[in-house]
Amino acid sequence: MRILVWHVHGGWMEGFVRGQHEYLLPVEPDGGPWGLGRGGRQWPAAAQEIDLATIDPDSVDAVVLQRPGEISAVSRALGRRPGVDLPAVYLEHNTPRIGVPFTRHPLADQHAIPVVHVTHFNKLFWDTGSAGTKVIEHGIPDPGRLYTGEREEMGVVVNEPVRRGRVTGTDLLPGFAGVGPLRVFGMGTQGLPGALDLAGHGLGEERIRVAGDVPAPQLHRELARCRLYLHPFRWTSLGLALLEAMHLGMPVVALGTTEAHRAVPRGAGLVSNDVHELQAFVRRLLDDPDDAYAMGLVARAAALDRYGLGKFLDAWDELLADLGTGRKQHRQPPERTHR
């Protein structure tokens with residue numbers, strides 16, 4: 001199939017574009033959220049950059065929607081209405097942000113476009129009314145078991161930790177830094193040491209080692225040298241970096257929020273909402289590399305079983321096949337602006 005899909009969530013797309021279909025990624029000269037295309041990522045040739053304003057509307061077999069505004073954007077650009085003239089599915093990446101647990105989903109109570117959630121927690125907490133729903137859990141391209149754990153430090157991957165604050169558990173990092181050093185990867189991490197006021201906590205700046213935003217292969221190699229992966233997020237769908245760390249063979253220490261309990265099995269680390277318990281467990285792993293290594297093997301086996309790429313792609317193939325081709329024979333000429 002030829003599937004129209006915007007590059008909205010690069011981590012999720014890393015798995016999706018490795019299927020058997022053609023993936024049509026809108027691109028614009030200035031990039032941005034409506035025209036990022038491949039975004040410079042090393043994806044298979046099946047992930048093709050296209051100009052939505054000039055593409056043949058009949059050449060699109062289905063669309064994977066990820067933002068409410070994409071429904072009208074597709075209708076204007078292709079002259080085909082998602083869920084009516086064009087098979088469509090709406091992919092919900094996120095947990096609801098306000099009004100929990102009464103948050104209504106933008107596609108609630110409609111029956112033309114099924115809503116796919118990436119976690120069971122999301123499906124539970126979004127109110128989609130009578131709309132059709134399904135869960136297809138994440139699929140991770142396996143980076144391999146790269147874990148060495150040679151660095152006596154915690155690895156953390158988080159984007160914009162200063163801006164996002166309590167959502168990402170940024171306020172918890174000084175407490176963990178008191179137990180041992182943290183190596184932090186991700187966008188917008190440069191201002192983290194100053195924002196945390198480490199001196200006010202009696203800590204030196206060396207306790208937060210900022211690695212910044214690095215390409216995925218380098219991230220995997222460097223992260224795998226850390227003794228353990230720390231996942232301090234309070235409210236997130238399910239961080240893909242957590243699943244990548246497990247694939248690497250890293251033991252995991254995580255807050256017991258959203259989907260973490262399902263992702264991290266017994267023996268792969270510790271999931272708890274008792275921060276003092278988590279800190280004590282971190283100290284144990286920093287002091288015992290053999291124990292950390294053994295837990296990482298459990299984490300990797302669990303991640304391959306539940307979040308393996310093959311299982312993910314099979315689930316999407318089944319769903320896309322169920323959507324059918326749904327081509328419309330008589331359409332009005334499309335308008336060529338899509339925003």
Side-chain angles (χ1 to χ4, degrees), residues 1 3-27 31-44 46-49 62-70 88-97 105 107 113-123 126 133-143 157-160 168 185-187 213 215-217 219-220 231 233 235-248 258-260 262-263 303-304 306-320:
M1 298 177 69
I3 302 166
L4 175 63
V5 56
W6 271 270
H7 181 170
V8 173
H9 192 307
W12 181 86
M13 288 282 283
E14 285 285 347
F16 188 63
V17 299
R18 285 170 167 77
Q20 63 178 337
H21 309 286
E22 293 180 68
Y23 307 92
L24 311 178
L25 311 176
V27 65
W34 289 91
L36 187 57
R38 292 167 62 101
R41 293 183 179 242
Q42 299 301 307
W43 285 341
Q48 306 168 17
E49 293 186 340
V63 57
V64 176
L65 306 160
Q66 300 168 82
R67 299 166 293 187
E70 293 177 9
V89 61
Y90 189 96
L91 174 63
E92 181 53 71
H93 291 284
N94 301 314
T95 49
R97 292 174 180 160
H105 195 274
L107 271 68
I113 303 174
V115 178
V116 175
H117 296 280
V118 297
T119 70
H120 291 276
F121 183 92
N122 286 10
K123 182 177 183 293
W126 276 109
T133 60
K134 184 180 180 65
V135 176
I136 299 182
E137 296 184 288
H138 289 296
I140 305 295
D142 182 16
V157 180
V158 56
N159 289 325
E160 304 295 341
T168 56
F185 302 83
M187 295 182 291
D213 187 25
L219 168 64
H220 295 152
H231 189 68
F233 288 67
W235 192 249
T236 183
S237 180
L238 181 60
L240 287 173
L242 168 68
L243 304 182
E244 291 176 342
M246 293 172 66
H247 273 78
L248 292 171
T258 63
E259 195 85 347
R262 178 172 173 82
L304 289 171
R306 175 159 289 156
Y307 304 106
L309 186 60
K311 183 178 181 180
F312 169 80
L313 293 175
D314 287 347
W316 271 101
D317 283 347
E318 180 180 349
L319 175 62
L320 292 167

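By the 4.5 Å heavy-atom criterion applied to side chains, P44 and V17 are counted as neighbours. When side chains are defined from C-beta on, V118 counts as touching L91, because their heavy atoms get closer than 4.5 Å. Contact of the F233 side chain with the V158 side chain is registered, since non-hydrogen atoms from C-beta on lie closer than 4.5 Å. Counting heavy atoms from C-beta on, the side chains of P141 and R18 come closer than 4.5 Å. Side chains of L65 and I113 form a contact here, defined as non-hydrogen atoms less than 4.5 Å apart. Within the 4.5 Å cutoff, side-chain heavy atoms of W12 are placed close to those of H138. At a threshold of 4.5 Å between non-hydrogen side-chain atoms, the residues E92 and V116 do not count as touching. When side chains are defined from C-beta on, L4 does not count as touching V64, because their heavy atoms never get closer than 4.5 Å.
In this structure, the side chain of H117 does not engage the main chain of V135 through any donor-acceptor pair within 3.5 Å. Under the 3.5 Å distance criterion, the side-chain polar atoms of E70 are matched with a main-chain donor or acceptor of Q66. Looking only at distances, a side-chain donor or acceptor of W6 sits under 3.5 Å from a matching main-chain atom of W34. R38 contributes a side-chain N or O that, together with a main-chain N or O of W43, makes up a donor-acceptor pair within less than 3.5 Å. Side chain of N159 to main chain of G186: no donor-acceptor pair is present (N/O by atom type, distance under 3.5 Å, no hydrogens or angles).
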message = Between F121 and T95, is the side chain to side chain contact (heavy atoms under 4.5 Å, CB included) condition met? List the steps.
response = CA-CA 8 Å; F121 183 92; T95 49; 4.0 Å; yes

inquiry  = Does Y90 form a ring-ring contact (aromatic ring centres under 6.0 Å, His included) with H105? I'd like the steps, not just the answer.
reply    = CA-CA 11 Å; Y90 189 96; H105 195 274; 5.3 Å; yes

inquiry  = Could you walk me through whether L243 and R306 satisfy the side chain to side chain contact (heavy atoms under 4.5 Å, CB included) test, starting with their C-alpha distance in whole Å, then the side-chain angles of each, then the deciding distance to 0.1 Å, before giving a yes or no?
reply    = CA-CA 10 Å; L243 304 182; R306 175 159 289 156; over 6 Å; no

ask   = Would M246 and I140 satisfy side chain to side chain contact (heavy atoms under 4.5 Å, CB included), going step by step from the backbone distance to the final call?
value = CA-CA 10 Å; M246 293 172 66; I140 305 295; over 6 Å; no

message = If you apply the rule side chain to side chain contact (heavy atoms under 4.5 Å, CB included), what do you find for T168 with T236, and how did you get there?
response = CA-CA 8 Å; T168 56; T236 183; over 6 Å; no

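To the nearest 0.5 angstrom, L107 atom CG is 10.5 Å from W126 atom CH2. Taking CD1 of I136 as the start and OG1 of T119 as the end, the distance is 12.5 Å to the nearest 0.5 Å. A distance of 4.5 Å separates NE2 in H7 from CZ in R41, rounded to the nearest 0.5 Å. D314 contributes atom CG, which lies 9.5 Å from atom CG of L309 (distance to the nearest 0.5 angstrom).
In terms of heavy atoms, P143 sits closest to E244 at CG-O, 4.4 Å. Residues A88 and P114 approach most closely at O-CD, 3.4 Å, considering heavy atoms.
A side-chain donor from one of N122 and S237 sits under 3.5 Å from a side-chain acceptor of the other. For T258 and W235, the side-chain atoms include no donor-acceptor pair closer than 3.5 Å.
Annotation: salt bridge (Lys or Arg N to Asp or Glu O under 4.0 Å) contacts of R262 (sequence neighbours excluded): E137, E259.
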For residues 20-27, tabulate all N or O donor-acceptor pairs below 3.5 Å that involve a side-chain atom, not counting sequence neighbours.
from: Q20; atom 1: NE2; to: D317; atom 2: OD2; distance (Å): 3.1
from: H21; atom 1: ND1; to: M1; atom 2: N; distance (Å): 3.2
from: H21; atom 1: NE2; to: D317; atom 2: OD1; distance (Å): 2.8
from: E22; atom 1: OE1; to: R2; atom 2: NH1; distance (Å): 3.0
from: E22; atom 1: OE1; to: Q48; atom 2: NE2; distance (Å): 2.8
from: Y23; atom 1: OH; to: F16; atom 2: O; distance (Å): 3.2
from: Y23; atom 1: OH; to: G19; atom 2: N; distance (Å): 3.2
from: Y23; atom 1: OH; to: H21; atom 2: N; distance (Å): 3.4

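Between H9 and H93, the two ring planes are parallel [angle under 30°; tilted spans 30° to 60°].
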